[in-house]
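Note that this is a predicted model, so its numbers are computed, not measured. As a basis for the values below, the full set of heavy atoms in this structure was taken, side chains included, without hydrogen atoms, waters or symmetry mates. By convention in this document, chain letters (A, B, ...) are assigned in the order of the sequence lines, proteins followed by strands, and residues within each chain are numbered from 1.
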Amino acid sequence: MLKDITLGQYFPGDSAIHRMDPRMKLILTIVYIVGVFMVSNLPGYLLALAFLYLVVRISGIQFSYLVKGVKPLRFIILFTFVLNLFFVQGETPILSLGFFTLTKEALDNAIYFALRLVFLVMGTSVLTLTTSPVQLTDGLERLMRPLQRFHFPAHELAMMMTIALRFIPTLLEETDKIQKAQMARGADFESGNLIARAKAMIPLLVPLFVSAFRRANDLAMAMEARCYRGGDHRTRLRELKYTKLDAIGALAMAAFLFVVVLEGRLLG
Amino acid sequence: MAKPEENRIIASTLSYAYPDAEKNAVSGVTMRVRNGEFLAILGHNGSGKSTLAKLFNALYVPTEGNVWVCGLDTRDDDLVFDIRQHAGMVFQNPDNQIVATVVEEDVAFGLENNGVEPGEIRVRIDEALKAVNMTRYAKKAPHMLSGGQKQRVAIAGVLAMKPDVIILDESTAMLDPSGRAEVMNTVHRLNKEEGISVVIITHYMGEAATADYVIVMDEGRIAMSGTPREVFTQVDAVRELGLDVPPMTDLAHMLRADGLDVRADVLTVDEMVEEVCRLSSSI
Amino acid sequence: MSIVIEHLNYVYMTGGPYETKALSDVNLTIHDGEFIGLIGHTGSGKSTLVQHLNGLIMPTSGRVLVDGMDLADKATDRRAIRQRVGLVFQYPENQLFEETVEKDIAFGPRNLGLDEAEIDRRVKDAMRRVALDYDRLHDRSVFELSGGQMRRVAIAGVLAMEPQVLVLDEPCAGLDPRGREEILGLIKKLHEEAGTTIVMVSHSMDDVASLAERVIVMNHGELVMDGVPRDVFSCGEELRGMGLDVPQAVQLADKLRERGFDIPEGIYRIEEIKTEIEKIAAKGGRHA
């Protein structure tokens with residue numbers, strides 16, 4: 001289940017999409033999602049799909065991989081769909097079952113919302129699949145840098161993300177070890193009702209927290225010893241530079257938006 | 001009086017108490033680390049040896065007395081980052097001191113903090129990784145490395161800052177024998193070839209035996225000091241302090257107790273072989 | 001009670017790009033009352049092997065039989081097996097979680113569903129075995145103790161299950177010489193007084209040489225040596241080739257033999273080499 005989630009996974013590669021500047025990819029992803037949210041007819045979604053398909057083809061990632069990433073979220077999407085069916089007020093009834101009346105407006109809305117969610121997930125997946133976590137945090141930090149003037153902790157947030165990424169494998173390994181150690185002492189994590197299972201987690205969570213705090217303490221000292229003093233005057237090994245690829249990407253996205261808006265005017 | 005130009009670190013009547021602690025963790029320590037010296041600080045757990053190390057890097061500020069690192073007083077707030085650049089520190093747990101998700105980015109961490117230009121960072125990372133033999137792991141994720149390799153990355157991170165002294169605070173304690181050997185060989189080479197002073201905090205006697213000078217801590221004070229030979233010869237005193245002596249020194253001690261004429265200051269297997277040869281040839 | 005391992009294979013992350021063979025065709029019988037030293041460098045498969053002994057890991061192929069019961073068999077009660085085969089992990093103090101020493105040690109017995117009186121008896125007995133003073137320490141928080149004490153609490157937590165076989169993964173890792181001696185001393189006593197079968201995983205040849213009656217060496221997931229310490233340590237070259245240390249007494253004996261001294265094979269303890277050196281001195285040298 002957990003390993004099916006493609007959101008946040010990185011797929012190493014050397015395609016044009018991979019080589020684009022992470023800042024540009026972040027911006028374009030947001031623009032794409034906004035674009036998709038402006039669409040409100042089926043041909044528009046076909047356009048969005050075609051654009052996404054093109055990008056995925058260039059990146060060298062299999063499209064089915066992207067579709068698989070939507071699967072774990074199918075219940076949330078279904079839930080939104082049903083919610084829209086019930087709560088959107090409309091004027092054109094199609095179907096009437098007792099006190100419930102299904103209207104055309106509600107059905108349209110439900111379909112569009114579900115599709116928007118699907119595109120949201122797939123669009124973000126393209127970003128994370130083609131951008132390494134390091135590049136992603138770099139890009140985020142630098143995009144948010146102007147906000148530092150308003151005391152927005154851009155550097156701190158990026159540092160937190162880096163550290164979290166660095167320690168996730170370590171803590172997963174540790175969880176496995178503690179769980180096995182408690183199982184060796186007769187602990188049972190598998191059977192029993194919900195309360196019993198939640199209780200069985202305590203022997204796991206307490207040592208994990210203790211260890212996480214100790215690690216945080218150690219790490220803080222190690223960072224201090226290496227002259228860490230926050231984001232001011234800090235340089236970076238890797239400087240981000242926009243290239244021709246980014247310009248092409250931006251143009252392609254602008255073209256897509258233009259077509260979407262135009263199509264909306266003509267058909268919507 | 002100890003002159004700063006001959007010494008990397010000078011501690012004078014140095015004491016430190018943790019906040020809310022009744023007793024001093026380090027108490028009245030006066031010592032120095034000479035240029036190019038390889039110094040070992042020994043002691044059982046809780047003897048104050050790790051606290052001492054953290055005083056050398058301005059992570060802790062003395063309660064009493066002073067520490068000068070390359071002539072810089074660690075009490076001076078404005079000098080903290082200079083001091084940390086001169087005296088690099090490698091810690092015990094390899095997992096808890098690597099910050100970045102890629103080896104070379106981690107080596108860059110200290111340089112980035114100090115505002116070094118990206119081009120210069122690149123050059124220094126490459127040099128540092130080469131010096132610890134980790135060049136081919138530059139793009140790897142740290143959690144895929146062995147303990148010894150992670151510690152070598154940590155050493156490279158310190159080395160990239162071009163320090164005058166490297167302090168290893170029990171950096172071999174969590175490693176297996178081959179990992180320990182990797183780390184020890186690396187710092188010995190840096191000491192010999194680059195002339196960097198090294199301070200190792202350890203409770204492994206074998207590691208201390210390779211040092212130029214040994215200081216044994218107990219209850220926050222210096223209990224013994226001297227060359228490894230001078231210290232380990234006092235087998236009973238060393239044991240009294242909760243430490244081992246190298247097995248060959250122990251053997252020499254036992255043989256002498258049985259009335260055999262072997263040198264008391266034997267440290268290595270080869271030296272013991274020589275002693276046995278001497279015993280058998282002398283009639 | 002014996003543990004029999006037949007043609008044991010274990011593969012990590014089957015099918016993926018990171019597929020690694022951790023154990024390959026391991027055959028081993030652990031007899032009642034043995035003291036086994038299990039050595040091998042990091043990644044040799046020794047920790048993986050040890051986790052098979054009480055069913056924390058299931059074999060990819062092959063069988064593990066504890067007292068004749070196949071651990072992979074659905075009918076086998078794995079929790080009952082885990083009571084009989086106690087496993088102390090590396091740095092076991094990192095798994096402590098209860099508010100007090102007493103409660104933490106009682107965790108295992110409580111999981112076994114024992115009554116309060118029996119739990120109490122076991123906690124007291126386990127604390128005595130690891131030389132922790134019940135009256136002084138039982139209601140202390142585990143997080144106030146020293147590192148060495150925490151480790152002993154963790155070992156007591158496994159001993160309170162009253163296992164017949166005790167497996168310890170690097171019980172002395174990270175301890176100073178005094179702490180190491182204490183732990184080794186209590187393991188030795190457990191073996192001698194309670195007759196507990198011991199399997200001790202260690203990097204330290206000197207620790208293994210001083211305690212174990214049988215030494216097993218793992219390398220690249222294979223069991224490469226199995227015998228009495230005397231025989232295993234006489235293969236100095238092979239051990240060094242696997243990145244392992246050889247006890248210094250063995251190194252000395254080898255070098256003296258090279259110099260033409262007549263040192264018997266199979267010497268591995270400092271006391272033994274001392275006797276040999278004294279023989280040499282008596283023959284050729286003079287006394288001081």
Please state whether the side chain, the backbone, both or neither of B/Asp95 comes within less than 4.5 Å of a heavy atom of chain A.
both
If you tally heavy-atom pairs under 4.5 Å between each of B/Ala87, B/Pro142, B/Gly110 and chain A, the highest tally belongs to B/Gly110
Part of B/Glu104 within contact of chain A (heavy atom distance under 4.5 Å):
both
Under the 3.5 angstrom rule, does the side chain of A/Thr235 hit a backbone N or O of B/Pro118 as a donor-acceptor pair?
no
Chain B interface, residue from A/Ala222, A/Ala225, A/Gly231 that has the most non-hydrogen pairs under 4.5 Å
A/Ala225
Please give me the minimum heavy-atom distance between A/Arg226 and B/Gly157, naming the atom from each residue.
NH2-CA, 3.7 Å
Just how far is it from atom CZ of B/Phe91 to atom CE of A/Met221, taken to the nearest 0.5 Å?
6.5 Å
If you count heavy atoms of other groups shown closer than 6.0 angstrom to NZ of A/Lys177, is the number above 12?
yes
Please check if atom CD in A/Gln62 has more than 12 non-hydrogen atoms from other residues, nucleotides or ligands closer than 6.0 Å.
no
Give the intermediate values and the outcome of side chain to side chain contact (heavy atoms under 4.5 Å, CB included) for residues B/Phe109 and A/Arg234.
CA-CA 10 Å; B/Phe109 181 72; A/Arg234 208 163 178 270; 3.2 Å; yes
Would B/Arg84 and A/Glu224 count as a side chain to side chain contact (heavy atoms under 4.5 Å, CB included) here? Give the steps.
CA-CA 9 Å; B/Arg84 289 182 186 156; A/Glu224 242 186 273; 3.4 Å; yes
Nearest heavy-atom contact between A/Arg166 and B/Ala100 is CD-O, 3.2 Å
With only heavy atoms counted, which part of B/Asn93 is less than 4.5 Å from chain A, the side chain, the backbone, both or neither?
side chain
Tell me, side chain or backbone of B/Asp82 under 4.5 Å from chain A's heavy atoms, or both, or neither?
neither
Do you know the tightest heavy-atom contact between B/Val99 and A/Met159?
CG1-SD, 4.3 Å
Check each atom of A/Thr162 against the heavy atoms of chain B and say whether the ones under 4.5 Å are side chain, backbone, both or neither.
both
Let me confirm one number: the CD1-CD1 distance from B/Ile98 to A/Ile163, rounded to the nearest 0.5 Å.
13.0 Å
Value rounded to 0.5 Å, distance of CD in A/Glu173 from NE2 in B/His143:
8.5 Å
Should we say atom CZ of B/Arg75 is surrounded by more than 12 heavy atoms from elsewhere, each under 6.0 Å from it?
yes
Heavy atoms of other groups near A/Phe209 CZ, more than 12 under 6.0 Å
no
Looking only at non-hydrogen atoms, find the nearest pair between A/Leu237 and B/Glu105 and report the distance.
CD2-CA, 4.5 Å
Heavy-atom distances under 4.5 Å only: say whether A/Glu239 touches chain B with side chain, backbone, both or neither.
side chain
Heavy-atom distance under 4.5 Å to chain A: side chain of B/Phe56, backbone, both or neither?
neither
